[in-house]
Q: 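Once you've had a glance at the structure underneath, I'll fire off some questions.
Nothing fancy with the numbering, it's 1 onward along the sequence.
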Amino acid sequence: MVTLDAATLEAMLPCCLEQGQHLFSSAAAVVLLKWLGRRQVLQKINEARRSRDLALERMEKAACRFKKENPGTQTTHILLLTMVELAEKLKEGSLSPESILYSYMDKALEVNREVNCVTDFIHGCEDQLQKLKKQKEKGLLYGIPISIKDHINCKMLCALCLRFAETEVLHSPADLLLPSYDCSNLIFGQTLNPLNHQKSPGGSSSGKGALIAGGGSILGIGSDVAGSIHLPSSFCGLCGLKPTGNRISKQGVISPLIGMQSVTAMLGPMARDVDSLALCMRALLCEEMFRLDPTVPPIPFDQEVYHTEFIAKGRKLRLDVVLCPALGPGFNHGYAGKLFPVTSYTNLYNVLNFPARVVPVSTVTRANEEELKHYQGHYRDPWDKRLKEAVEGAVGLPVAVQCVALPWQQELCFRFMKEVAQRGVCDFWEPAFPVTAFHSLPFAPDTFYLMQSRQQT
């Protein structure tokens, strides 16, 4: 049996194409082309892995250098502060942008080693930091380090804050054909949920959810077509916002679904609390963004609506906001691709183009887990059985709800979200109508609540 090495095969390829009948059959030429194509794919995969390894190495060297030069930095204290508190301390000068950037950089490396969620280090953030310090005007997100989904160009956001890490990549070829909201691919492997390594972090803004939940980032920008912000926020116990379509500029975003017009892809923030999301939106919805992208409606963030009680809208149904279930808790690995229809809880509001937010309200208890053992579902079909398998073993994981408002009413939705987080799901919202919930699990709310305009007492 005669074998040929790669160099010989490549040298023979032109001859095979021109005079295939003398050397190979046409079928053999096709096989050769496929082999070369696979070889190129493997080369690209290896290049991507090397690129990430080098980026993380640069990131680690930068963090180590700062720690060596600044041994007194109170990293633990910095990581415990909320984003609003960080912004205030940066503004007053009691904390430096360097101390915050490198503290989060070091923590992000630690989280990445645990759950595999970072794909790149934006080394330009160090140069940007020096330029930022020279600016006379300090924006609302001055000195705040953020993580960004890897298909989002950072040029516009760099003018507002420090971008230091990229998270998650596109799914594997199988997931692209069979829609999934997990985070696993042939290049970088599986991303884990930092709250429970046996669970998925959700997707597709999954690396961001895992990084923020693990403490390695305080603010992230994700994208959403059918729940890609909602789901990781729900699975990882975060607050996330999917705004009305085109409320935030999408210039520079590389979309895997080019030409799709029926459902609008959106960018939105993910963070640990509602106030962080509101601060981010206040910073983004500014004259600078409206100038850079004239296609974005020049509607600034309405701080008055966010900070005041609910205002009567006088709508036909006197409906202001809706409180409804979010998918969760976090799934066991491998089930996201098998249960894509349950994203109907989130993609409904993408289709309607309503702003929707996710906020954690409780955690799964052992009593819930015991009750789950007897769960059979509404229809007692394979879907119910599979869903039960997906969420087993979730004690301690967060359970979230969605707060939904009418288009362009992000501020009202924020206020509602904050009330839910502070006062609980059923404190003063009365059930409006029950629904036959697809995933009415023991720990998942299966009733829609309507908040009608009324004077609070």
Side-chain angles (χ1 to χ4, degrees), residues 137 139-141 146 148-149 151-161 205 219-230 239-255 257-271 274-308 310-316 319-322 346-358 402-418 453:
E137 294 185 14
L140 294 173
L141 295 182
I146 68 170
I148 295 187
K149 202 168 181 177
H151 69 137
I152 300 174
N153 191 304
C154 68
K155 187 172 183 180
M156 184 181 296
L157 288 164
C158 278
L160 303 168
C161 47
S205 300
L219 175 66
I221 302 295
S223 62
D224 195 306
V225 175
S228 293
I229 291 175
H230 301 69
C239 295
L241 162 66
K242 177 209 75 67
T244 306
N246 211 39
R247 186 79 193 265
I248 296 176
S249 173
K250 296 192 288 289
Q251 279 193 1
V253 176
I254 302 171
S255 173
L257 300 171
I258 297 173
M260 186 176 71
Q261 300 295 326
S262 57
V263 180
T264 305
M266 304 94 170
L267 300 183
M270 297 167 62
V274 181
D275 286 339
S276 297
L277 299 184
L279 179 60
C280 178
M281 291 298 286
R282 283 177 58 202
L284 291 178
L285 300 179
C286 62
E287 290 300 324
E288 180 70 1
M289 185 177 73
F290 304 147
R291 182 186 66 80
L292 291 172
D293 189 353
T295 67
V296 174
I299 306 174
F301 188 84
D302 193 333
Q303 189 72 4
E304 183 180 354
V305 173
Y306 176 60
H307 280 301
T308 58
F310 293 108
I311 301 171
K313 295 293 181 180
R315 308 238 190 274
K316 183 178 180 181
L319 171 64
D320 289 336
V321 285
V322 178
T346 54
N347 63 35
L348 169 65
Y349 304 110
N350 292 69
V351 173
L352 295 174
N353 200 21
F354 283 13
R357 290 155 184 77
V358 170
Q402 287 186 100
C403 304
V404 184
L406 296 173
W408 309 110
Q409 299 300 313
Q410 273 80 201
E411 298 82 356
L412 188 63
C413 200
F414 268 131
R415 181 62 201 179
F416 182 44
M417 190 179 183
K418 191 169 184 178
S453 301

Q: Is the side chain of Ser205 donor-acceptor paired with the backbone N or O of Ser228 at a distance under 3.5 Å, no angle test?
A: yes
Q: Would you check, one step at a time, whether the test side chain to side chain contact (heavy atoms under 4.5 Å, CB included) holds for Leu406 with Phe354?
A: CA-CA 5 Å; Leu406 296 173; Phe354 283 13; 3.9 Å; yes
Q: Going from OH on Tyr349 to NE2 on His230, what distance comes out if it is rounded to the nearest 0.5 angstrom?
A: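 Between Tyr349 OH and His230 NE2, I get 8.5 Å after rounding to 0.5 Å.
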Q: How long is the gap from OG on Ser249 to CG on Leu267, to the nearest 0.5 Å?
A: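 These two atoms lie 7.5 Å from each other.
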Q: What is the minimum heavy-atom distance between Cys280 and Ile221, and which atoms define it?
A: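 Smallest interatomic distance, heavy atoms only, reads SG-CD1, 4.1 Å.
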Q: Identify the two heavy atoms, one from Cys403 and one from Phe416, that lie closest to each other, and give their separation to 0.1 Å.
A: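 Here Cys403 and Phe416 meet closest at CB-CD2, 3.7 Å.
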Q: Measure the CG-CZ distance between Asp275 and Phe414 for me, rounded to the nearest 0.5 Å.
A: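 Rounded to the nearest 0.5 Å, the CG-CZ separation comes to 9.5 Å.
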Q: For the side chain of Gln410 and the backbone of Thr244, is there at least one donor-acceptor N/O pair under 3.5 Å apart?
A: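 Checked: pair present.
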Q: With rounding to the nearest 0.5 angstrom, report the SG to CZ distance, Cys286 to Phe301.
A: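 Between Cys286 SG and Phe301 CZ, I get 13.5 Å after rounding to 0.5 Å.
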Q: Output the distance between atom CD1 (Ile248) and atom CE (Met266), rounded to the nearest 0.5 Å.
A: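 One gets 10.5 Å once the value is rounded to the nearest 0.5 Å.
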Q: Does Leu241 form a side chain to side chain contact (heavy atoms under 4.5 Å, CB included) with Cys413? I'd like the steps, not just the answer.
A: CA-CA 10 Å; Leu241 162 66; Cys413 200; over 6 Å; no
Q: What heavy-atom pair brings Val321 and Ala405 nearest, and what distance separates the two atoms?
A: CG1-CB, 3.9 Å
Q: For Pro297, check side chain to side chain contact (heavy atoms under 4.5 Å, CB included) against everything at least two apart and list the hits.
A: Asn246, Ile299, Trp408
Q: Run Val404 and Leu348 through side chain to side chain contact (heavy atoms under 4.5 Å, CB included) and show every step you take.
A: CA-CA 11 Å; Val404 184; Leu348 169 65; over 6 Å; no
Q: Just jot down the side chain to side chain contact (heavy atoms under 4.5 Å, CB included) partners of Cys239, sequence neighbours excluded, or say none.
A: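 Side chain to side chain contact (heavy atoms under 4.5 Å, CB included) list for Cys239, sorted by chain: Val274, Leu277, Val359, Pro360, Met417.
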Q: Rounded to the nearest 0.5 Å, what's the gap from CG on Leu141 to CG on Leu284? Could you check?
A: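 If we round to the nearest 0.5 Å, Leu141:CG and Leu284:CG are 6.5 Å apart.
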